Amino acid sequence: MSLSGCQHLSSFKASKGTRPYRIIQSYFVYCCSPESRKRKAKAGLCHICGNPGERLHSCLHCVFFGCYSRKHIQEHARTKRHHLAIDLSYGAVLCFLCGDYVYDRELECIAREVRAKAAKSLGLNHTIFCPWEPSKREVELLRKNPKRRKITENSTIGLRGLINLGNTCFMNCIVQALTHTPLLRDFFLSDSHRCEQLTDQCLVCEMSRLFQEFYSGLRSVHIPYRLLHLVWTHARHLAGYEQQDAHEFFIAALDVLHRHCKAGLNGNASTNPNHCNCIIDQIFTGGLQSDVTCQNCHGVSTTIDPFWDISLDLGPCNITTSSSSSNLTTSSSSTALADHGNVFNGDISQGADTESPTSLLDCLRRFTKPEHLGSHAKIKCSKCQSYQESTKQLTMKKLPIVACFHLKRFEHSNKFRKKISSFIAFPQELDMTPFMAPYRRQNGLNNNIQEMDSFSTSDNLYSLFAVVNHLGTIDAGHYTCFVRQHRDQWFRCDDAVITKASQQDVLDSEGYLLFYHKQVLEYE
């Protein structure tokens, strides 16, 4: 990549200089004064549709703001032949002739200067963002090791089998899913964990070593004995060589990782429902909104709780034994998550909907469907000041970067234990817009979701990257895992054996845990 941008940017700088770039940076990107912040709030709208979002860009040649997602800035560039624009969220320069964002060292220096001025005007002692620059030692290491590992179609980097240490397939498949979680991989491979524990009992440190092992390029089978020992130490209900539940292990592992890494990154994040800024909560935590509506005065009581996964019931609603008011998962998980918040399940008792779901979308529709609590579960209404019947509806307030869906294939009761082996279809691409709180409020859209195209946004789109499967019966079963490698190449992980798989193999499998990753990430 050239440090002076592309030829089109160089021509623009030669004719008009850098003043247009500096003005846009100062008034519409970083906003160096209260006046500029007011101006951006008032005038920072698309000149075509009038919306403030949708990746707003400013033309570098003239005064024009246009949405990138709705192609308004592209249309302006085509008709006016103004081929350079600035992303108003991050200040990057987009060249439409090159078809990409371009880097220019001179403009980067201007952006850094404006950023520091904006931080000072806000009373901050440091810049909002500090780009990475290699130290002298890192430059020397790069010069001594010029050869770079390249990802090719036949690359096996990141793929490594795991020895089964005695009914530990449940652990192996979760490890495979976590090591192929893109942002978690980037975090650990960038050596971002700073351990403050004085002992060698930190699970985050062990995960960091595990990522190094997976992405070292070695093909030999790895023995995760240290990881197993640490899990037994910190989650004693999983200790022993009995077969455990993969979902229970996933929640317990996240809880221990959360507790061990938040000590070094203890901070508040206003957009995080759990108010924790550790890497686990940044990636996996979402916000679940619960609206309870009084049937007498129609007053609504709203609560928002954090979740790491969504458990979805697969059986007919009329045989459900517990209502959605019991919001915790299994008792062992709820104990582990006492300081973290509730993890909600998908039990919704409604006699009108007696058919079993056949797809993930069916499960999500049932999960977000209003539920009449009935006379046996009256609540005290704050407005009526008396106990009234009510309805309850769960919706997504904030979506996590990685969404995990737990299909509840195992049923336990006092009389029987069984596994639901029915096929549940799940998509490669998932749009969560229909299940967000703004679009499921009250009975406006209910379960018959219409005109969602006008509501859909790229922020709510997900791609499948891992699937955990359970084979066999509830008493004698085995866990395997499908993981997505680069460029949508899929592999089946069966403990020490890894084989290539097709996307259709994945979609036809008996999914137990489904892992989806957001397609578009917004930096905060």
Side-chain angles (χ1 to χ4, degrees), residues 5-6 8-9 12 20-21 23-31 36-103 107 111 271 286 361 395-401 403 427-441 444-445 449-464 488 516-524:
C6 64
H8 313 106
L9 181 57
F12 176 86
Y21 178 83
I23 291 174
I24 294 174
Q25 286 279 345
S26 300
Y27 285 92
F28 293 102
V29 179
Y30 291 110
C31 304
S36 63
R37 287 189 280 274
K38 291 179 181 178
R39 178 178 295 183
K40 180 178 180 179
K42 184 177 180 180
L45 305 172
C46 175
H47 288 183
I48 302 298
C49 64
N51 288 325
E54 302 296 337
R55 293 182 63 189
L56 199 63
H57 283 61
S58 170
C59 178
L60 197 55
H61 300 262
C62 68
V63 182
F64 178 86
F65 295 162
C67 299
Y68 183 89
S69 301
R70 298 183 180 181
K71 302 190 182 300
H72 295 152
I73 190 67
Q74 293 92 321
E75 181 64 21
H76 173 81
R78 186 183 64 82
T79 56
K80 300 294 184 179
R81 295 191 176 183
H82 294 174
H83 302 300
L84 294 171
I86 298 179
D87 183 343
L88 294 186
S89 295
Y90 313 113
V93 178
L94 173 62
C95 178
F96 289 102
L97 293 177
C98 295
D100 200 358
Y101 291 92
V102 294
Y103 175 82
L107 298 186
T271 59
L361 294 179
T395 50
M396 309 297 165
K397 177 64 176 179
K398 179 184 180 295
L399 292 173
I401 293 176
Q428 168 71 17
E429 311 290 336
L430 176 64
D431 186 358
M432 287 295 290
T433 302
F435 314 107
M436 296 295 291
Y439 311 117
R440 301 302 301 274
R441 190 171 294 131
L445 294 176
I449 302 165
Q450 299 173 351
E451 301 179 359
M452 290 313 303
D453 290 341
S454 61
F455 295 132
S456 293
T457 168
S458 56
D459 294 341
N460 302 334
L461 298 180
Y462 285 80
S463 293
L464 186 72
D488 286 335
Y516 285 86
H517 198 288
K518 266 193 175 183
Q519 294 182 4
V520 176
L521 300 181
E522 294 290 341
Y523 288 93
E524 298 175 353

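The model shown is predicted, which means the values in this text are computed figures rather than measured ones.
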Exercise. When you look at L361 and L430, which way does the side-chain contact (heavy atoms from CB on, under 4.5 Å) test go after all the steps?
Worked result: CA-CA 9 Å; L361 294 179; L430 176 64; 3.7 Å; yes
Problem set entry | Test side-chain contact (heavy atoms from CB on, under 4.5 Å) applied to I401 and H517, step by step | CA-CA 6 Å; I401 293 176; H517 198 288; 3.7 Å; yes
Problem set entry | Trace of the side-chain contact (heavy atoms from CB on, under 4.5 Å) decision for R55 with I73 | CA-CA 10 Å; R55 293 182 63 189; I73 190 67; over 6 Å; no
Exercise. After noting the C-alpha distance and the side-chain angles of Y103 and L9, does the key distance pass the side-chain contact (heavy atoms from CB on, under 4.5 Å) rule?
Worked result: CA-CA 10 Å; Y103 175 82; L9 181 57; over 6 Å; no
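Other residues, nucleotides and ligands contribute more than 12 heavy atoms inside 6.0 Å of the CZ atom of F65.
When all heavy atoms of F28 and A43 are compared, the closest pair comes out as CE2-CB, 4.4 Å. Of all the heavy atoms in V29 and K40, the pair that sits closest is O-NZ, 3.5 Å. In this structure, Q74 and Y68 approach most closely via the heavy-atom pair NE2-O, 3.0 Å. Taking both residues in full, the closest heavy atoms of V93 and Y21 are given as CG2-CE1, 3.6 Å, listed atom of the first, atom of the second, then distance. Here the closest heavy-atom approach between residue D431 and residue F435 is recorded as O-CE1, 4.1 Å. A pairwise comparison of heavy atoms in H57 and A85 identifies CB-CB, 4.3 Å as the closest pair.
Between F12 and H61, the ring center distance clears the sub-6.0 Å criterion.
Under the side chain to side chain contact (heavy atoms under 4.5 Å, CB included) rule, L56 has a single partner from D87, N51, L45, L88, which is L88.
Here CD of E429 is found 8.5 Å from CG of L464. Values are rounded to the nearest 0.5 Å. Atom CD of E75 sits about 11.0 Å away from atom NZ of K80, to the nearest 0.5 Å. Atom OG of S58 is separated from atom CD of Q25 by 10.5 Å, given to the nearest 0.5 angstrom. Atom SG in C59 sits 7.5 Å away from atom CD1 in I24 (nearest 0.5 Å). Separating the CZ atom in R78 from the NZ atom in K71 is a distance of 12.0 Å, to the nearest 0.5 Å. Going from atom OG of S463 over to atom CD of Q519 covers 3.5 Å, rounded to the nearest 0.5 Å.
Counting heavy atoms from C-beta on, the side chains of C62 and H82 come closer than 4.5 Å. Looking only at side-chain heavy atoms (C-beta outward), L399 and M436 come within less than 4.5 Å of each other. By the 4.5 Å heavy-atom criterion applied to side chains, P400 and Y462 are counted as neighbours.
Of the possible polar contacts, one joining the R37 side chain to the C31 backbone as a donor-acceptor pair under 3.5 Å is found.
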